[in-house]
Amino acid sequence: MQSPETLTYGFGDTPYGRIVVAKSARGIRAVLFGETDAALVAELKARFAGTDLVPAGIGMTRMIADVVSVVRGEAAAGALVLDLRGSPFQMAVWTALQAIPAGDTASYSEVAEAIGKPGAMRAVAAACAANPVAVLVPCHRVVRSNGALGGYHWGVNRKRALLARETAA
DNA sequence: CTATATAAAGTGC
DNA sequence: GCACTTTATATAG
């Protein structure tokens, strides 16, 4: 492994709970939901073990506020620069997810077809589960074909709340 | 609701 | 590199 990458993280508050935003030199690396700051940091450490995690400094506040705005639906996710790392398949899935209009939902099979791999619905779900940026990649807009929510890495309850707000808007 | 089909990622060896 | 296990599903019974 090379020299550990430095990730700067900071906390923010959303209608759905507390979030932590981890930013690399390239862009936003992760946006995670959590109950407490300690839990969020623990999540970061678990997910980015081996990297150098640095608490937010001055200047991070602005970025946090921006992310929070996006989470609240007051800003476009496309305005943020993401630094997503993953398998080509995961990248394809995440890109396809970002193409889903706000307030609309797609089934896992829809996403699978969108990435040119019809029948890969379960793999899509797995890729979504690995999605590190929570709301910025709208994995919460992906539901089952029968209309059920399915599952959510950060809790179906949270997914339900997110969808409720977006569909209402 | 339960069982089966079926594709892909993750993990371990 | 190969095989086994698990999955946030889909579809049929």
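Taking for each of A:Pro118 and A:Gln90 the nucleotide of DNA chain B with the nearest heavy atom, the 5'-most of the two is the partner of A:Pro118.
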Could you list the donor-acceptor pairs under 3.5 angstrom formed between side-chain atoms of residues 52-73 of chain A and any protein atom two or more places apart in sequence or on another chain?
unit_1	atom_1	unit_2	atom_2	d
A:Ser69	OG	A:Ala65	O	2.9
A:Arg72	NH2	A:Glu74	OE2	3.3

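In DNA chain B, stems built from 3 or more consecutive Watson-Crick or G-U wobble pairs, each with both distances under 3.5 Å, span B:1-5 with C:9-13, B:7-13 with C:1-7.
A donor-acceptor contact shorter than 3.5 Å links the side chain of A:Lys159 to the backbone of A:Gly151. Side-chain atoms of A:Trp94 do not come within 3.5 Å of backbone N or O of A:Cys139 as any donor-acceptor pair. Although no hydrogens or angles enter the test, the distance criterion places no donor-acceptor pair under 3.5 Å between the side chain of A:Arg144 and the main chain of A:Tyr108.
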Practice task
Heavy atoms under 4.0 Å is the rule here; annotate nucleotides 6-13 of chain C 5' to 3' with B where the base is hit, S where only the sugar-phosphate is, and - elsewhere.
Solution key: -BBBSS--
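Residues satisfying the side-chain contact (heavy atoms from CB on, under 4.5 Å) criterion with A:Ala106, sequence neighbours excluded, are A:Ile100, A:Glu110, A:Val111. Considering only residues two or more places apart in sequence or on other chains, A:Thr167 meets the side-chain contact (heavy atoms from CB on, under 4.5 Å) condition with none of them.
Minimum interatomic distance between A:Leu136 and A:Gln98 (heavy atoms only, all atoms of both residues): O-CG, 4.1 Å.
Put simply, chain A comes within 4.0 Å of DNA chain B, heavy atom to any atom, from B:dA5 to B:dG10, going 5' to 3'.
Remark: A:Arg47 CZ is packed, more than 12 non-hydrogen atoms of other residues, nucleotides or ligands lying under 6.0 Å away.
The distance from the CE atom of A:Met91 to the OG atom of A:Ser87 is 10.0 Å, given to the nearest 0.5 Å. Summarising the geometry, atom NE2 belonging to A:His140 is positioned 6.5 Å from atom OH belonging to A:Tyr152; distances are rounded to the nearest 0.5 Å.
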